[in-house]
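Inspection log for the structure reproduced underneath, given as structure tokens.
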Amino acid sequence: AQSVSQHNHHVILSEAASLELGCNYSYGGTVNLFWYVQYPGQHLQLLLKYFSGDPLVKGIKGFEAEFIKSKFSFNLRKPSVQWSDTAEYFCAVNPPSGNTGKLIFGQGTTLQVKP
Amino acid sequence: KAGVTQTPRYLIKTRGQQVTLSCSPISGHRSVSWYQQTPGQGLQFLFEYFSETQRNKGNFPGRFSGRQFSNSRSEMNVSTLELGDSALYLCASADVSGANVLTFGAGSRLTVL
């Protein structure tokens, strides 16, 4: 079945540690890729997106992600996490011909950053 | 610009009842999508409306329905509620002429007893 997989369900890091969250998708063709973040008690917010062009995209708060087409991956990275990055992170794919509003989400990764 | 507004924010219903949730998109956004978020299933796409027409539907039973009005506001309805319908229901809007990026509301948390 076509899906989006996030490799880590729960990640615990100390402040200043580097972060990499894995995301793989199984759709063929051209897809749009997103990372959303949900801080405790807040809305889902867009962290970054990839539509085309440079496969290394930068988002808000120092996050970046790399699209590797051959690996069907879109991994999220941050060189040095802060306590305020504690949140749930969702990778999402807008599948081919899926229209704007249809996103397929991964199961989410809960990131806990210890001060 | 005001964000996506969902009402009510919290509600409690009993099995067999029905519920209607409302969503006001960002001004100018014509696409409204609905998602269900649960701890077990995560975020699942329900349906998308654009210009008052449903143009995409997820894998949910017919008890879940929606509509969109001429001002782009949307409602979703769940009939004959089941315990498993307890969830956070999220609405998102998009400016389809632009970046095709969804902006989410805070959600309506439904508890079915």
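Owing to the predicted nature of the structure, the values given are computational and were not obtained by experimental measurement. Chain identifiers are assigned alphabetically (A, B, ...) following the order of the sequence lines, protein sequences preceding nucleic acid strands; residue numbering begins at 1 within each chain. Only this structure's heavy atoms are used, side chains among them; waters, hydrogens and symmetry mates stay out.
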query: Does a sphere of radius 6.0 Å around CG in A:Asp54 hold more than 12 heavy atoms from other residues, nucleotides or ligands, not counting ones at 6.0 Å or beyond?
result: yes

Interatomic distance, CD@A:Gln38 vs CD@B:Gln37, rounded to 0.5 Å, equals 4.5 Å

(message) Does atom CZ (B:Arg109) have a neighbourhood of more than 12 heavy atoms from anything else shown, all under 6.0 Å?
(response) no

If one checks every heavy atom of B:Phe50 against chain A at 4.5 Å, the contacting part turns out to be neither

All heavy atoms of B:Tyr35 vs all of A:Leu103, minimum pair found to be OH-N, 2.7 Å

Take atom CZ in B:Arg63; do more than 12 heavy atoms of anything else shown fall under 6.0 Å from it?
-> yes

Okay, B:Ala92 and chain A: the region with an atom under 4.5 Å from a heavy atom over there is neither

>> Would you say A:Val37 ends up clustered with A:Leu13 if hydrophobic residues are merged whenever their side chains have heavy atoms under 4.5 Å apart, either directly or through other cluster members?
In response: yes

Is it true that B:Ile26 and B:Val32 fall in one hydrophobic cluster, defined by side-chain heavy atoms closer than 4.5 Å? no

Answer whether the closest heavy-atom distance between the side chains of B:Leu102 and A:Tyr36 falls below 4.5 Å.
-> yes

Of all heavy-atom pairs linking A:His43 and B:Ala106, the shortest is NE2-CB, 3.3 Å

Note: vs chain B, highest number of non-hydrogen pairs under 4.5 angstrom among A:Ile104, A:Leu46, A:Asn32 is A:Leu46

Rounded to the nearest 0.5 Å, the CG atom of B:Leu90 sits from the CG atom of A:Leu44 at a distance of 6.0 Å

Smallest heavy-atom separation, B:Val101 atom then A:Phe34 atom, equals CG2-CE2, 4.2 Å

Under 4.5 Å to a heavy atom of chain A? For B:Gln41 that would be backbone

For A:Arg77, the salt bridge (charged side-chain N to carboxylate O under 4.0 Å, His left out) test, sequence neighbours excluded, returns A:Glu64, A:Glu66

Are A:Tyr25 and A:Phe105 linked, directly or through other ILVMFWY residues, by side chains that come within less than 4.5 angstrom of each other?
no

Give a yes or no on whether B:Leu21 and B:Leu113 share a hydrophobic cluster (residues Ile, Leu, Val, Met, Phe, Trp, Tyr; joining criterion: side-chain heavy atoms under 4.5 Å apart).
-> no

In this structure, NZ of A:Lys102 is separated from CZ of B:Phe45 (nearest 0.5 Å) by 6.0 Å

